[in-house]
Protein chains: 2
Amino acid sequence: MQTATETLQPMRFSEFRQMALISMEDICREIFYENQASIKTKKEAVAVRNLANIFNTTLRLSNEKGFQTMSLRDLSRASGLSMGALYSYFTSKEELLEMIQNQGHRLTRRVLSQHIEAVSKVDQKLRIAIRAHLYLTEVMQPWFYFSFMETKNLDKAQQKKSIEGELATEQMFIDILTEGLEQSVFELDNPVLTATVIKAMLQDWYVKRWKYSRRRISVDEYADFVIFVIESIVMDNQSRSSQ
Amino acid sequence: MQTATETLQPMRFSEFRQMALISMEDICREIFYENQASIKTKKEAVAVRNLANIFNTTLRLSNEKGFQTMSLRDLSRASGLSMGALYSYFTSKEELLEMIQNQGHRLTRRVLSQHIEAVSKVDQKLRIAIRAHLYLTEVMQPWFYFSFMETKNLDKAQQKKSIEGELATEQMFIDILTEGLEQSVFELDNPVLTATVIKAMLQDWYVKRWKYSRRRISVDEYADFVIFVIESIVMDNQSRSSQ
DNA sequence: GTCTATAGTGCGATAGAC
DNA sequence: GTCTATCGCACTATAGAC
């Protein structure tokens, strides 16, 4: 059986965006039903529209000047909702932070495992994992940047979740590298350090977004380069993909 | 003429720490004389001691929960200085941020250029630049982390300085790579992207410090690995250093 | 379901005692 | 040179009108 991701033609970003189907509306509908206890507004259509507005505005303002620095008055002004209306959707500023954080984590896990599991050959798996991660962070750049910057403002329990998420991503790469090592497809001394530098490169894509935009480097160009770097250190010349 | 950095034995971290002679006291003495206008305390010994205390405490608290979230009452409590005493050393919380930011930038420029200029061969220059940058960020980790995280809280003029600093570091690597390309010592297609991933790896060392500490990876181990990664993509097998 | 008005808190900054 | 006391302000969060 051959899945779409195992054909010779690799997935590119435009295809990913369609596959992922990450609609802000769907996400907000999920959040609405999960938090119905603390959300005073009961009509789905209204709640979903306002939640999308609140989250997008929060991400925008926070990524400009930080979540703590953004006052709820700022959020009220920028979103067009009054202070009272805002408090119909969360019980405290901290809860707003948690809602945004949780939803992103869940979505990340879901999308990444969907893509990796579809592939069986280990060298393809490595390429797909790098590509899928970059594409995901491209679609959800504001959330990834927000999550990266605001981790230290979370309570201890939520901070632990963030750290676990980071280490899980790295573990995924360590596992792929180790599997390739056992199959003699890869040749490398230090899977942990190798996975760490992959993670560092993937992170730079969403943390230093302004740099790549300014230089007009596309996500596909960057993905190709990261794959080139990693293949250079774990594969010999003739086994490298032309992808 | 052969300088210390061009002997076969490469500089290691212990040596760098001694060479750099980055004493907190010296830095604070510089700051004291530069800001004598706004500092009310006139006795050097007292001022230098208190400035060191203020800066160290600010870096510690800010790196835990962010500069904006740290109130001056927090700083007063943790440093043992009263609110009034704090305001003898800066005229506003924003000025405190600027003082810390400026001093770090100046020191970074000074130390980096000192080390790179001492080397002539381009492959050595690349290695020394990577090593010196990592060693510097190791010595001044709290400042680099602080600077990275708080850039968005600076005013426009200061933000521009931060961006210029980042791009200057990258340009240094682009120049070294281009020089090596012209001399046919390096072989690579994209100096800009290559410099960018070098920067991403160097940045991870001070941004994700907790990860490397937990895994007991030393700065020398990390430096060796980054150099290995970069040499793998810009040099063929036989020209690579055993460093 | 959303608004305005306001209570209560803690902030940055300063004046004046010692 | 450092302290305590306090001012004015902006914040989070809520109560009650519509």
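Per chain, numbering begins at 1; letters A, B, ... match sequence-line order. Remember, it's a predicted structure, so these values are computed and weren't measured experimentally.
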May I have the step-by-step check of ring pair (Phe, Tyr, Trp, His ring centres under 6.0 Å) for A:Y145 and A:Y206, ending in yes or no?
-> CA-CA 6 Å; A:Y145 185 80; A:Y206 61 84; 8.1 Å; no

I would like to know whether B:F16 and B:H115 meet ring pair (Phe, Tyr, Trp, His ring centres under 6.0 Å); could you show each step before the answer?
-> CA-CA 10 Å; B:F16 175 87; B:H115 281 80; 5.1 Å; yes

List the protein contact pattern of nucleotides 2-8 of chain C with one symbol per nucleotide (5' to 3'): B for base contact, S for sugar-phosphate-only contact, - for none; contact means a heavy-atom distance under 4.0 Å.
-> BBB----

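Relative orientation of the B:W143 and B:H105 rings is perpendicular, given thresholds of 30° and 60° on the angle between their planes.
Regarding B:R77, its CZ atom lies at a distance of 11 Å from the P atom of C:dG12, rounded to whole Å. Atom CE of B:M70 is separated from atom P of C:dG10 by 18 Å (rounded to the nearest Å). The distance from atom CG of B:D74 to atom C1' of C:dC11 is 11 Å, rounded to the nearest whole Å. For the pair B:K93 NZ and D:dA10 P, the computed distance is 16 Å after rounding to whole Å. Atom pair B:Q68:CD and C:dG10:P shows a separation of 19 Å (rounding to whole Å applied). Atom-to-atom, CG of B:L96 to C1' of C:dC11 comes out at 16 Å; the value is rounded to the nearest Å. Distance CZ (B:F67) to P (C:dG12): 9 Å, rounded to an integer number of Å. In this structure, the CD atom of A:E95 is 13 Å from the C1' atom of D:dA13, given to the nearest Å.
Applying salt bridge (charged side-chain N to carboxylate O under 4.0 Å, His left out) to A:E170 and the options B:R215, B:R214, B:K208 leaves one that passes, B:R215.
Using a 4.5 Å cut-off on side-chain heavy atoms (C-beta onward), A:E34 and A:M99 make no contact. For the pair A:F67 and A:T58, the minimum side-chain heavy-atom distance is below 4.5 Å.
Distances shown here put a side-chain N or O of B:Y87 below 4.0 Å from the OP1 or OP2 atom of C:dA13.
Minimum atom distance to the side chain of A:K42 is reached by C:dG1, of the listed D:dG1, C:dG1, C:dG12.
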